[in-house]
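Worth saying up front: this structure is predicted, and the values here are computed from it rather than measured.
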Amino acid sequence: MKCTPVRSRARRAALALSAVAALAFGTTATATTTGAAAAPAPAKQGPTSVAYIEANNNSMLNAGKYTLADGGGNVFDVAVIFAANINYDTGTKSAYLHFNENVQRVLDNAATQIRPLQQKGIKVVLSVLGNHQGAGFANFPSQQAASAFARQLSDAVAEYGLDGIDFDDEYAEYGNNGTAQPNDSSFVHLVTALRANMPDKIISLYNIGPAASRLSYGGVDVSTEFDYAWNPYYGTWQVPGIALPKSKLSPAAVEIGRTSQSTSADLARRTVDEGYGVYLTYNLDGGDRSSDVSAFTRELYGSEAVHTP
C-alpha cells in the first residue's frame, strides 16, 4: 500500500528542491528563545495530536492556530517539519543531512517560525526522508557511519533548538550510486547512537520502509527508544508493528482536507475506544480547517476546534 497521491506529489516536489548542495548549518539560527516567552496553552486531557506540515508550501505556525473551544488547550501537541533529507556524497561515499531551501528557511528563522510554537507548549520535530540517492537509514556500512549521521541529526536539534527527530524511510532508493541494500544492523546502530546523543528529546517513527522492520540486531532491540510510532497510510487504521505501549502509538492517520470528516471522526473515536494515545494528521495548510479538525477533536477531546488566523 502506498501513501496518498497528494502526499507523493508533494514529496516529489520537496525532493526536487533538495537535490543540490551538501548541508551547511546556518549561522543565524539560535537555540534560545527570542523575546518574552508566551504562557503555554492550558493542559488538555486526551491523546497526543501530531501535525506534519509541508515546509515547501505551508507555515509551521499553522500548528499553533488551533485551540479547543472548551478549555482553550492546543489542538496539536507535536508539529513535524516535513522534511529534511538523508543525501549521499559520492566523493566521500557517505550519507549527510541536507535541508532544502524551504526547510533551511524555517530553521534559520527559528525565532519566528519555531519558538512561537514551543512557547505555546507545542513540540517541534524535524522529519528526515530519503532523497533517491541510495542513502537510507538501513544501509550504513558500519556502526561508525551510523553514529556519524546520528551526530549530524543531534547537532541539528541542538543548533536550531528543536525537540527531536522523526524517521521516514521512504524514497531512499537503496542501491543507487553504488550504495548497499538494507542490512539488519544499520538502523539499530543509528537509533542507539541518536538516543545516546539526545536522551531527553523525541525520536519518532513513521512506520514504513526497510528501517521500520529492522529494529533488532545483536541482542539489541531499539523499539523502546522511540517516543512515538504511527501508521503511514492516511485514511486508514493500522497498528504499527513495534513493541511500544498503546500510549505511544497512532494506528489512525488522516490527511486534513482529503480524508473525509466522517472517517477522521471514526478513526478518532476508535483511538479513544481502544485506548491508543496518539492521533496523526498530515498536510495542515494555512486555510481555516476548523471543520476538518473539529471532526476529530470532538471525539478525542469532547470539544470543537477554534481557528485563530
Practice problem: Compare all side-chain heavy atoms of I114 with those of L107 and state whether any distance is below 4.5 angstrom. | Solution: yes
Quiz item: In chain order, what residues pass the side-chain hydrogen bond (donor to acceptor under 3.5 Å, both in side chains) check against S204, with sequence neighbours excluded?
Solution: D166
Quiz item: Excluding sequence neighbours, so at least two apart, what forms ring-ring contact (aromatic ring centres under 6.0 Å, His included) with Y301?
Solution: none
Exercise. Apply side-chain hydrogen bond (donor to acceptor under 3.5 Å, both in side chains) to N62 and list each qualifying residue two or more places apart in sequence or on a separate chain.
Key: none
Practice problem: Report the residues that fulfil side-chain hydrogen bond (donor to acceptor under 3.5 Å, both in side chains) with S147, sequence neighbours left out, ordered by chain and then residue number. | Solution: none
Quiz item: Any luck finding a side-chain donor-acceptor pair between N102 and N56 under 3.5 Å?
Solution: yes
Exercise. Answer yes or no: is there a side-chain heavy-atom contact under 4.5 Å between F99 and D108?
Key: no
Practice problem: Kindly compute the distance separating CG (L244) from OG1 (T224), expressed to the nearest 0.5 Å. | Solution: 7.5 Å
Quiz item: Under 4.0 Å between a Lys/Arg side-chain N and an Asp/Glu carboxylate O for R269 and D273?
Solution: no
Quiz item: Of Y282, F167, F82, Y52, which meets ring-ring contact (aromatic ring centres under 6.0 Å, His included) against Y206?
Solution: Y52
Quiz item: Does the side chain of S223 come under 3.5 Å of the side chain of D221 through a donor N or O and an acceptor N or O?
Solution: yes
Self-check item: Pair D292-Q261, side-chain donor/acceptor within less than 3.5 Å
Solution: yes
Exercise. Take the angle between the ring planes of F149 and F137 and call it parallel below 30°, perpendicular above 60°, tilted in between.
Key: tilted
Practice problem: Could you list all the side-chain hydrogen bond (donor to acceptor under 3.5 Å, both in side chains) pairs where at least one residue sits in residues 193-202, not counting sequence neighbours? | Solution: R151-N197, S154-N197, R195-D227
Quiz item: Would a 4.5 Å heavy-atom cut-off, applied to side chains only, mark Y66 and S294 as touching?
Solution: no
Self-check item: With sequence neighbours excluded, residues passing side-chain hydrogen bond (donor to acceptor under 3.5 Å, both in side chains) with Y174
Solution: D169
Quiz item: Is the closest side-chain heavy-atom distance between T259 and T281 below 4.5 Å?
Solution: no
Practice problem: Would you please indicate yes or no on a ring centroid separation below 6.0 angstrom for W237 and Y276? | Solution: yes
